[in-house]
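Remember, it's a predicted structure, so these values are computed and weren't measured experimentally.
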Amino acid sequence: MDILLWSIAALLVLIGLAGVVLPALPGIPLMFGGFLMMAWLDDFTHIGTITLTVLGGLTVLAWLIDFASGVIGAQRVGASTLALVGAAIGTVLGLFAGLIGLLFAPLAGAAIGEYIARRDALQAARVGVATWLGMLIAAVAKVAIAFMMLGIALAAWLI
């Protein structure tokens with residue numbers, strides 16, 4: 001039974017790593033769940049309260065970055081509410097269109113939403129690009145946070 005539980009914990013971390021770049025999966029929270037399960041299985045010997053608190057804080061930080069990234073990018077160029085709705089719809093639809101959809105559907109959704117709201121093609125393009133750049137910056141930050149979490153957990157396990 002222990003082997004099965006340890007395998008599940010490791011699988012949560014690995015699926016979480018994949019989820020950092022695949023928006024359909026809650027990557028960082030899955031990683032935290034895997035680390036929490038590992039700590040519990042080890043009676044919190046290696047990964048203790050302080051380590052879990054740090055990992056939890058990084059999880060919350062990643063969630064905040066993910067939540068705010070597209071909105072902040074769009075708002076910096078004066079995006080309308082329809083642009084934000086369009087970006088959200090584009091993100092969901094992009095999940096079904098493969099890598100190209102994941103990369104460009106939010107940009108297209110934001111631009112279409114902005115164009116519908118203001119009928120200004122240049123502004124719509126600006127909003128689309130700003131939304132996309134915000135999401136790209138968030139993705140890079142989440143990858144960095146994921147590897148920080150791995151490093152912290154590994155260091156806690158080895159020390």
Side-chain angles (χ1 to χ4, degrees), residues 7-39 47 51-156:
S7 297
I8 291 170
L11 192 60
L12 283 172
V13 172
L14 291 175
I15 292 171
L17 270 176
V20 170
V21 293
L22 298 173
L25 298 172
I28 302 289
L30 284 174
M31 288 180 67
F32 179 75
F35 293 135
L36 180 62
M37 189 171 181
M38 288 177 187
I47 298 176
T51 303
L52 285 173
T53 301
V54 170
L55 293 175
L58 288 171
T59 301
V60 170
L61 177 63
W63 178 78
L64 290 172
I65 288 170
D66 201 25
F67 179 73
S69 64
V71 173
I72 291 170
Q75 285 181 338
R76 290 191 58 93
V77 293
S80 66
T81 303
L82 274 178
L84 301 178
V85 170
I89 292 170
T91 301
V92 172
L93 293 177
L95 295 173
F96 303 105
L99 182 60
I100 299 299
L102 290 173
L103 291 175
F104 295 108
L107 178 149
I112 291 168
E114 185 66 18
Y115 186 77
I116 290 170
R118 300 213 175 124
R119 301 284 184 215
D120 181 353
L122 184 58
Q123 175 65 6
R126 243 186 254 126
V127 167
V129 170
T131 301
W132 183 75
L133 284 174
M135 293 174 73
L136 182 65
I137 291 167
V140 170
K142 287 187 337 186
V143 167
I145 289 171
F147 281 103
M148 284 174 45
M149 289 175 71
L150 279 174
I152 290 167
L154 184 62

Are L12 and L36 close enough, and set up right, to give a side-chain contact (heavy atoms from CB on, under 4.5 Å), and what steps lead you there? CA-CA 10 Å; L12 283 172; L36 180 62; over 6 Å; no
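- Here the shortest heavy-atom pairing between G113 and S80 reads O-OG, 4.2 Å.
- Listed by first and then second residue, the salt bridge (charged side-chain N to carboxylate O under 4.0 Å, His left out) pairs involving residues 115-128 are E114-R118 (not counting sequence neighbours).
- In terms of heavy-atom proximity, A87 sits nearest to T131 at CB-CG2, 3.7 Å.
- Atom CG of residue L154 and atom CZ of residue F35 lie 9.0 Å apart, to the nearest 0.5 angstrom.
- Heavy-atom minimum distance, L30 versus I15: CD1-CG2, 3.7 Å.
- The shortest side-chain heavy-atom distance between I145 and I65 falls under the 4.5 Å cut-off.
- With rounding to the nearest 0.5 Å, the separation of CG in L58 from CD1 in I152 is 5.0 Å.
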Can you list the steps and then say if W63 with T59 is a side-chain contact (heavy atoms from CB on, under 4.5 Å)? CA-CA 6 Å; W63 178 78; T59 301; 5.8 Å; no
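- Contact record, G90 with A105: O-CB, 2.9 Å, taken as the closest heavy-atom pair.
- Contacts of A108 classified as side chain to side chain contact (heavy atoms under 4.5 Å, CB included), with partners at least two apart in sequence or in another chain: none.
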Passes side-chain contact (heavy atoms from CB on, under 4.5 Å), L55 versus M31? Steps please. CA-CA 9 Å; L55 293 175; M31 288 180 67; over 6 Å; no
I28 vs V20, test: side-chain contact (heavy atoms from CB on, under 4.5 Å). Steps then yes/no. CA-CA 6 Å; I28 302 289; V20 170; 3.9 Å; yes
